[in-house]
Amino acid sequence: MKTYLRHRICNVIDIKELITSEFLDFEGKYRNYEEFHDFWELCFVFGGSITVRIDNQEHPISENQLILISPNKRHSYFSNHGNRSKAFVVCFDSFSQALDAISEYVFPFGQEIHSCMNLIMKECQNTFRLNESDHLQVLDTPVFGGQQALLLQLEYLLICLVRELSAEGGSKIEFFSDRNFHQDLVNAILRYLRENIHKKIALNDVCERFNYSRSYICKTFKSQTGESLITCFNRLKIEEATRLLTESDKSISDISDDLGFREVKYFDSVFKKHYGITPVQYREKAEKIITE
């Protein structure tokens, strides 16, 4: 008899709750009040054009474009064109780190994303009373499965947005396999550290590069390698230092500068912690071995 194994699904984007949704009608010159909240907000313009102001930066949004606004970002909508523009807004709660990569980016619509957005608006209209209150209210006779269908379509849309942005030339977004996600992430971080071995890289630089929080990066890296990210980066620098000490005639000060250490004294301290001797002693020992 054939054996079937269950596969545990890895949700890379997971929406916890829907907060609210509404249609906005920008007739003539329009500006709404500035607000901020602790959940995500997606705005899709399906008629005319508007401007979204996020933390003092303006983002023009044309018809069939959308933008995703991160939690706790001050934002407002306005239109000065004298035309009648229309937008659809949906707010939701999610802790998925992948969304950080696509926030505050204006997306032009491909056919797949456009179709998905139309389905989201349709499910919303057939499930909830819109523009009647500050929170979602279910219709007396909603379409069957409307809430779940809306959530699934919204998750799929966000996945499409991440895929679309990652496919652009020069994108820094990286995909990792579901099966080996944490190891793939750590391997990518290690590649990044090695590529920047001669630079001063802080933890915040790594978080910004891979769009994950400090706590998530630190926890994942430590669980996969057994050492902290900064300890690992210093170790890689010291390994490179041993090569420079034996293969070049650079001074200790120059090697320290080349590897991004803030001062020679600190370089000596880190080196001695790894090898038990100073860089000068290491070079003398290596030269002695060569001449014997």
Side-chain angles (χ1 to χ4, degrees), residues 8 10-12 95-103 162 165-166 169-292:
R8 185 179 181 86
C10 175
N11 292 331
V12 291
F95 301 108
S96 300
Q97 298 287 340
L99 297 183
D100 293 334
I102 59 174
S103 64
V162 174
L165 188 57
S166 68
S171 171
K172 293 184 177 180
I173 299 178
E174 294 191 44
F175 280 114
F176 308 116
S177 67
D178 292 346
R179 183 182 297 275
N180 301 307
F181 177 81
H182 293 100
Q183 187 59 58
D184 288 348
L185 173 59
V186 169
N187 288 339
I189 293 174
L190 288 171
R191 286 195 300 272
Y192 175 71
L193 296 179
R194 290 190 179 98
E195 290 169 359
N196 294 277
I197 198 71
H198 296 280
K199 298 180 181 178
K200 295 179 181 179
I201 299 294
L203 182 56
N204 285 340
D205 297 320
V206 179
C207 296
E208 183 177 345
R209 170 65 177 82
F210 292 95
N211 296 295
Y212 288 98
S213 67
R214 290 171 60 95
S215 60
Y216 186 81
I217 288 286
C218 291
K219 181 179 179 181
T220 302
F221 196 91
K222 184 68 178 289
S223 67
Q224 294 293 315
T225 66
E227 60 183 347
S228 72
L229 190 147
I230 298 303
T231 298
C232 175
F233 193 35
N234 281 336
R235 176 175 57 78
L236 294 175
K237 284 179 176 289
I238 295 305
E239 290 174 359
E240 176 65 9
T242 61
R243 186 187 69 80
L244 294 173
L245 286 167
T246 56
E247 298 179 9
S248 75
D249 57 359
K250 289 186 175 182
S251 68
I252 304 301
S253 178
D254 286 343
I255 293 175
S256 176
D257 289 339
D258 286 349
L259 292 173
F261 287 96
R262 59 177 181 268
E263 56 184 22
V264 177
K265 186 177 180 180
Y266 179 64
F267 171 56
D268 286 347
S269 174
V270 175
F271 193 97
K272 190 171 183 178
K273 184 178 180 180
H274 281 80
Y275 286 96
I277 55 178
T278 66
V280 172
Q281 292 170 328
Y282 184 92
R283 171 170 273 175
E284 291 175 348
K285 186 176 180 180
E287 290 175 348
K288 184 177 180 180
I289 293 174
I290 293 173
T291 58
E292 287 180 351

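Remember, predicted model here, so these are calculated numbers, not experimental data.
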Stepwise, does the side-chain contact (heavy atoms from CB on, under 4.5 Å) test hold for Ile255 with Arg283?
-> CA-CA 12 Å; Ile255 293 175; Arg283 171 170 273 175; 3.9 Å; yes
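- Between the CG atom of Leu190 and the CG atom of Leu229 there is a distance of 8.0 Å, given to the nearest 0.5 Å.
- Residue pairs meeting the salt bridge (charged side-chain N to carboxylate O under 4.0 Å, His left out) criterion with at least one member in residues 234-243, sequence neighbours excluded: Glu227-Arg235, Arg235-Glu239, Glu240-Arg243, Arg243-Glu247.
- In this structure Phe95 satisfies the ring-ring contact (aromatic ring centres under 6.0 Å, His included) test with no other residue, sequence neighbours excluded.
- With sequence neighbours excluded, no residue satisfies side-chain hydrogen bond (donor to acceptor under 3.5 Å, both in side chains) with Ser248.
- For the ring pair (Phe, Tyr, Trp, His ring centres under 6.0 Å) condition, the pairs that include at least one residue of residues 227-261, sequence neighbours left out, are Phe261-Tyr266, Phe261-Phe267.
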Contacts table for residues 193-207: side-chain donor-acceptor under 3.5 angstrom, sequence neighbours left out:
from, atom 1, to, atom 2, distance (Å)
Asn196, OD1, Lys199, NZ, 3.2
Asn196, ND2, Tyr192, O, 2.8
His198, ND1, Asp258, O, 3.1
Asn204, OD1, Arg214, NH1, 2.8
Asp205, OD2, Ala202, N, 2.8

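- Inter-residue side-chain proximity for Leu185 and Ile189 is flagged as met; some heavy-atom pair is nearer than 4.5 Å.
- With hydrogens and angles disregarded, a donor-acceptor distance shorter than 3.5 Å links the side chain of Thr246 to the backbone of Thr242.
- Under the side-chain hydrogen bond (donor to acceptor under 3.5 Å, both in side chains) criterion, Ser213 pairs with Ser215, not counting sequence neighbours.
- Contact detail for Val162 and Ala98: the closest heavy-atom pair is CG2-O, 4.1 Å.
- Under the rule for a side-chain contact (heavy atoms from CB on, under 4.5 Å), the partners of Asp254 that lie at least two apart in sequence or sit in another chain are Lys250, Ser251.
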Please tabulate, one pair per line, all N/O donor-acceptor pairs under 3.5 Å involving side-chain atoms of residues 268-282, not counting sequence neighbours.
from, atom 1, to, atom 2, distance (Å)
His274, ND1, Val270, O, 3.0
Thr278, OG1, Gln281, N, 3.2
Thr278, OG1, Gln281, OE1, 3.4
Gln281, OE1, Thr278, N, 2.9

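- Checked against side-chain hydrogen bond (donor to acceptor under 3.5 Å, both in side chains), Thr220 has no partners two or more places apart in sequence or in another chain.
- Under the side-chain hydrogen bond (donor to acceptor under 3.5 Å, both in side chains) criterion, Thr225 pairs with no residue, sequence neighbours left out.
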